[in-house]
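Presented below is the structure to which this report refers.
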Amino acid sequence: MSKILITGGTGYIGSHTAIELFAENRFDVISIDNLVNSSADTVGRIESITGKTMTNYQVDLVDLEAVRSVFKENTDIIGVIHFAALKSVGDSVSDPLGYYHNNFESLINILKCCEEFDVKNFIFSSSCSIYGNIDKLPVTEDTAVTETESPYAQTKWMGERIIKDFCKVSKVKCIALRYFNPVGAHESGKNGEDVINKPSNLVPVITRTAVGWIPQMTVFGGDYPTRDGTAIRDYIHVTDIADAHLKAMDYLLEGKNEHNYEVYNLGSGNGVSVLEAINAFEKVSGVKLNYVIGDRRAGDVISIYSDSSLAKDKLGWEAQKDIDEMMSSAWKWQQYVLENTAV
Ligand code: NAD
Ligand code: WQD
């Protein structure tokens with residue numbers, strides 16, 4: 001069976017991708033994750049859903065020799081999906097050097113290993129955060145990236161440039177996938193986002209407010225020039241995001257790529273406001289949320305959503321799940337966490 005190496009395989013999107021890869025029954029999946037933002041329990045959750053075991057090497061990707069030993073031990077890797085990165089926008093502002101060190105060194109080391117061990121298919125997690133504040137919506141892959149708003153976003157934008165330059169001189173074929181706002185959980189409710197630190201993203205804040213872990217949540221800004229005054233994002237189900245990686249990997253494996261380096265937006269194409277997201281959650285869960293409208297959050301863009309038609313045309317990928325399914329799976333996962341958390 002072909003082997004895929006996922007970096008960040010015990011993380012949120014990596015674990016959902018591992019589940020979808022195992023479900024295909026065509027791939028063996030191994031992971032490199034140092035557990036800086038995830039837990040080893042994820043391996044058991046993946047096993048309970050798929051019946052398959054993902055070996056996770058608890059290795060820091062910044063350590064080139066340690067990464068090389070994983071490749072030496074696994075000579076049958078046919079593709080790498082590089083999820084591992086630090087991803088908090090706020091933390092990246094207070095610790096820019098830590099973010100640049102972790103995200104760049106990890107990327108460079110994994111690319112070096114792909115080159116050295118002749119692994120020719122590589123997928124990179126990029127982000128809509130590279131676009132920053134833009135006037136013309138929806139965003140296409142050609143939308144100009146002007147100034148990234150945070151060191152985190154810069155690691156994604158510069159990461160893309162590093163890969164692009166590398167592809168000019170390498171046989172490794174690379175795809176960068178720019179995710180919009182991945183949310184939700186596996187439909188079983190048995191795998192979702194492990195929130196290790198204080199949650200700051202909307203959906204974990206909503207579900208934690210619903211179970212009372214957060215007494216009252218704040219909607220950041222009610223005076224935006226949008227249809228209900230709250231900010232608009234393109235939420236996309238994590239399983240749809242996972243599925244895009246399978247399609248992108250197959251596209252590379254089948255040699256369908258036109259260029260050695262290609263970039264795709266992954267969004268639903270639908271803008272959803274914060275209040276619309278809250279309403280969807282209340283509808284599917286039957287729980288009334290305790291929230292107030294507060295000040296705008298520094299650094300937030302007003303509105304952003306994607307044009308993902310390129311991914312549809314080239315990869316044959318399109319978002320399948322709507323905001324109700326995102327919220328109901330997130331809610332199932334929150335209840336699973338509640339039941340399995342010792343008090
Ligand atoms: P996550 O934090 O859940 O997973 C990332 C994993 O990488 C974690 O398990 C962490 O322990 C691991 N990791 C980080 N640095 C490492 C290192 N030096 N060595 C080994 N392991 C390391 O994040 P996620 O939400 O699953 O995101 C996956 C990728 O997608 C990231 O690159 C992120 O920047 C990108 N992305 C995420 C979102 C989002 O909203 N979740 C949106 C756009 C892009
Ligand atoms: C969504 C909306 C908030 C919490 C982040 C990263 C971005 C990308 C995706 C990685 C905003 C509002 C939130 C709360 C609220 N990640 N909100 N109350 O900021 O769009 O994007 O995740 O690449 O880089 O920045 O996502 O979930 O934090 O916020 O009103 O308690 O919900 O203001 O309008 P964001 P988010």
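Position 1 is the first residue of the sequence, and the numbers go up from there. Each ligand, and each atom within it, is numbered from 1 in the order the structure gives. Below, all heavy atoms of this structure are taken into account, side chains as well, without hydrogens, waters or symmetry copies.
Listed by number with element, the atoms of ligand 1 under 4.0 Å from a non-hydrogen atom of G8 are 6 (C), 7 (O). Taking every heavy atom of V274 and a limit of under 4.0 angstrom, the matching atoms of ligand 2 come to 12 (C), 30 (O), 32 (O), 34 (O). Less than 4.0 angstrom separates some heavy atom of Y152 from each of these atoms of ligand 2: 10 (C), 23 (O), 24 (O). Close approach to Y152 involves these atoms of ligand 1, each under 4.0 Å from a residue heavy atom: 33 (C), 34 (O), 35 (C), 36 (N), 44 (C). Here is the list of ligand 2 atoms found below 4.0 Å of a heavy atom in S127: 10 (C), 23 (O), 24 (O). Close contacts between ligand 2 and A231 involve ligand atoms 34 (O) [criterion: under 4.0 Å to a heavy atom]. Those atoms of ligand 1 that come under 4.0 Å of a heavy atom in N34, given as number and element, are 11 (O), 13 (N), 16 (C), 17 (C), 18 (N), 19 (N), 20 (C), 21 (N), 22 (C). Atoms of ligand 1 found under 4.0 Å from any heavy atom of S38 (numbered from 1 in listed order, with element): 8 (C), 9 (O), 11 (O). Residue V89 approaches ligand 2 through these ligand atoms, each under 4.0 Å from one of its heavy atoms: 6 (C), 24 (O), 25 (O). Near L61, the atoms of ligand 1 lying under 4.0 angstrom from a non-hydrogen atom of the residue are 17 (C), 18 (N), 19 (N), 20 (C). Short contacts between ligand 1 and D60, defined as distances under 4.0 Å to a heavy atom of the residue, involve ligand atoms 17 (C), 18 (N), 19 (N). Near S125, the atoms of ligand 1 lying under 4.0 angstrom from a non-hydrogen atom of the residue are 29 (C), 30 (O), 32 (O), 35 (C). In summary, the atoms of ligand 2 found under 4.0 Å from a heavy atom of V205, numbered by their order in the structure, are 31 (O). Residue L35 approaches ligand 1 through these ligand atoms, each under 4.0 Å from one of its heavy atoms: 11 (O).
Atom 42 (C) of ligand 1 has its closest protein heavy atom at P182 CD, 3.6 Å. Closest to atom 4 (O) of ligand 1 among all protein heavy atoms lies G11 CA, 3.5 Å. Nearest to atom 15 (N) of ligand 1 among the protein's heavy atoms is N102 ND2, 3.1 Å. Scanning all protein heavy atoms for the shortest distance to atom 7 (C) of ligand 2 gives S129 CB, 4.0 Å. F220 N, 2.8 Å is the protein heavy atom nearest to atom 30 (O) of ligand 2. In this structure, the protein non-hydrogen atom closest to atom 32 (O) of ligand 2 is L202 CB, 3.5 Å. Counting only heavy atoms of the protein, atom 2 (C) of ligand 2 lies nearest to Y235 OH, 3.4 Å. When only non-hydrogen protein atoms are considered, atom 28 (C) of ligand 1 lies nearest to F83 O, 3.6 Å. At the top of the distance list for atom 10 (C) of ligand 1, counting protein heavy atoms only, stands D33 OD1, 3.5 Å. At the top of the distance list for atom 24 (P) of ligand 1, counting protein heavy atoms only, stands K87 NZ, 3.8 Å. Here the protein heavy atom with the shortest distance to atom 5 (C) of ligand 1 is A85 O, 3.9 Å. The protein heavy atom nearest to atom 18 (N) of ligand 2 is T218 O, 2.8 Å. What sits closest to atom 37 (C) of ligand 1 on the protein, heavy atoms only, is I13 CD1, 3.9 Å.
When the shell of 6.0 Å around CG of D76 is examined, it contains more than 12 heavy atoms from other residues, nucleotides or ligands. Within a 6.0 Å sphere centred on NZ of K314, other residues, nucleotides and ligands contribute 12 heavy atoms or fewer. Heavy atoms of other residues, nucleotides or ligands lying less than 6.0 angstrom from CG of D135 number 12 at most. Counting heavy atoms of neighbouring residues, nucleotides and ligands inside a 6.0 Å radius, atom NZ of K164 does not exceed 12 of them.
The shortest separation from a heavy atom of N181 to ligand 1 is not under 4.0 Å, leaving the residue out of contact. Ligand 1 lies within reach of S126, whose nearest heavy atom is under 4.0 Å from it. At least one heavy atom of V59 sits closer than 4.0 Å to an atom of ligand 1. Taking 4.0 Å as the cut-off, K156 counts as a neighbour of ligand 1 on heavy-atom distance. Note on ligand 2: Y224 sits outside its first shell, no heavy atom being nearer than 4.0 Å. Within the 4.0 Å heavy-atom cutoff, K87 does not count among the residues contacting ligand 2.
In terms of polar-atom proximity, defined here as any N/O pair under 3.5 Å, P182 makes no such contact with ligand 2. Residue V36 places at least one N or O, backbone or side chain, under 3.5 Å from an N or O of ligand 1. Ligand 1 has no N or O atom lying under 3.5 Å from any N or O atom of A84, backbone or side chain. For a threshold of 3.5 Å applied to N or O pairs, the pair formed by V219 and ligand 2 contains no separation below that value. Polar contact check, Y12 against ligand 1: a nitrogen or oxygen pair lies under 3.5 Å apart. At a 3.5 angstrom cut-off on N or O pairs, F180 does not count as close to ligand 1. Looking at N181 next to ligand 2, an N or O pair under 3.5 Å apart turns up.
To the nearest 0.5 Å, atoms CG (N270) and CD1 (I236) are separated by 9.5 Å. Within the model, atoms NZ of K72 and CD of E65 stand 6.0 Å from one another, a figure rounded to the nearest 0.5 Å.
Aromatic pair H16/F83: ring centres not closer than 6.0 Å.
For the residue pair N25 and K52, a side-chain donor N or O sits within less than 3.5 Å of a side-chain acceptor on the partner. With 3.5 Å as the limit, one finds no donor-acceptor pair spanning the side chains of Y12 and N201.
Using a distance-only test at 3.5 Å, with no hydrogens or angles considered, a donor-acceptor pair links the side chain of K332 to the main chain of E187.
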Are T10 and T42 close enough, and set up right, to give a side-chain hydrogen bond (donor to acceptor under 3.5 Å, both in side chains), and what steps lead you there?
CA-CA 5 Å; T10 52; T42 314; 5.1 Å; no
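The only option from N340, T50, N191 that meets the side-chain hydrogen bond (donor to acceptor under 3.5 Å, both in side chains) definition with R45 turns out to be N191. A side-chain contact (heavy atoms from CB on, under 4.5 Å) with S273 is found for one member of T230, V219, I278 and no other, namely T230. Exactly one of I77, N74, V67 qualifies for a side-chain contact (heavy atoms from CB on, under 4.5 Å) with L5. That residue is I77. Shown are S125, S127, S306; of these, the side-chain hydrogen bond (donor to acceptor under 3.5 Å, both in side chains) with Y179 is made only by S125. Of the residues listed (D234, D307, N265), the one engaging V139 in a side-chain contact (heavy atoms from CB on, under 4.5 Å) is N265, and it is the only one.
At a 4.0 Å heavy-atom cut-off, ligand 2 touches S200 through the backbone alone. Using a 4.0 Å cut-off between heavy atoms, V301 makes no contact with ligand 2 at all.
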